[in-house]
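Here's the structure we're looking at; comments come further down.
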Amino acid sequence: MTDTTLAEAMEAEHHEIDEGIYAYLNGDADGRERLEAAFEELRRHIYLEEVYLFPPLRDAGMMAPVFVMLREHGEMWQVLDQVEAALTVNPAPDSSTAALCRDLLTRLDAHNAKEEPILYPELRGILSDSAAEQYLAFLEDGERPDGWVCERAAAGPPTSSPWG
Ligand SMILES: [Fe+2]
Ligand SMILES: [Fe+2]
């Protein structure tokens with residue numbers, strides 16, 4: 001049993017992802033690599049949430065917040081795709097890629113500001129110790145299955161919600 005809770009580890013991963021995106025925006029020498037690593041980390045983070053964490057939260061009555069999180073994942077996933085496509089065409093940092101990255105950071109900030117205080121604290125009472133340990137281990141070295149995309153990756157325009 002580790003001293004780090006799953007909620008703490010998930011929050012730490014939010015910060016790591018932000019830092020990777022900032023490394024790119026700040027023009028760090030390894031910024032491109034850190035951006036790519038942050039993007040894969042975010043996609044994997046979303047996989048863990050959508051496949052393993054959100055279903056029990058939904059079953060415990062958190063339907064509305066989970067709905068909003070899924071919608072925001074879908075919107076962010078599309079931004080990830082846009083940045084990756086832009087980098088394929090033009091690997092050098094440019095203003096449009098930077099603008100997309102800043103848009104992603106804004107979305108992440110709003111998303112994490114809801115997920116961290118509203119959803120993550122519920123995990124402790126819902127998940128068994130063994131499940132929480134399994135997901136902590138996944139954060140260490142787990143992988144998103146090839147080709148997995150989030151539930152709302154191809155969703156249309158954002159829908160309104162009282163949680164939005
Ligand atoms: Fe998250
Ligand atoms: Fe999330």
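Counting convention: from 1, in listed order, for ligands and their atoms alike. Note that the numbering runs from 1 along the sequence shown for the chain. Just so you know, these numbers use all the heavy atoms, side chains as well, and skip hydrogens, waters and symmetry mates.
Judged by distance alone, the side chain of Asp30 and the main-chain N or O of Glu33 form no donor-acceptor pair under 3.5 Å.
Checking Met69 against the Fe ion (ligand 1), every N/O/S atom stays at or beyond the 2.8 Å cut-off. Put simply, His111 gets within reach of the Fe ion (ligand 2), with an N, O or S atom under 2.8 Å from it. The Fe ion (ligand 2) has no N, O or S atom of Glu72 closer than 2.8 Å.
Ionic pairing of Arg32 and Glu36 is present here: one or more N-O contacts between side-chain nitrogen and carboxylate oxygen are shorter than 4.0 angstrom.
Summarising the geometry of Ala38 relative to Gly20, their closest heavy-atom pair is CB-CA, 4.0 Å, with the distance given to 0.1 Å.
In this structure, NE2 of His14 and OH of Tyr120 enclose an angle of 90° at the Fe ion (ligand 1), rounded to 10°.
Glu115 contributes OE2 as its N, O or S atom closest to the Fe ion (ligand 2). When the N, O or S atoms of Glu49 are ranked by distance to the Fe ion (ligand 1), OE2 comes first.
Using a 3.5 Å distance cut-off with no hydrogens or angles, the side chains of His14 and His45 do pair a donor with an acceptor.
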Evaluate Glu40 against Arg44 for salt bridge (Lys or Arg N to Asp or Glu O under 4.0 Å), listing each step before the verdict.
CA-CA 6 Å; Glu40 185 47 42; Arg44 193 190 67 146; over 6 Å; no
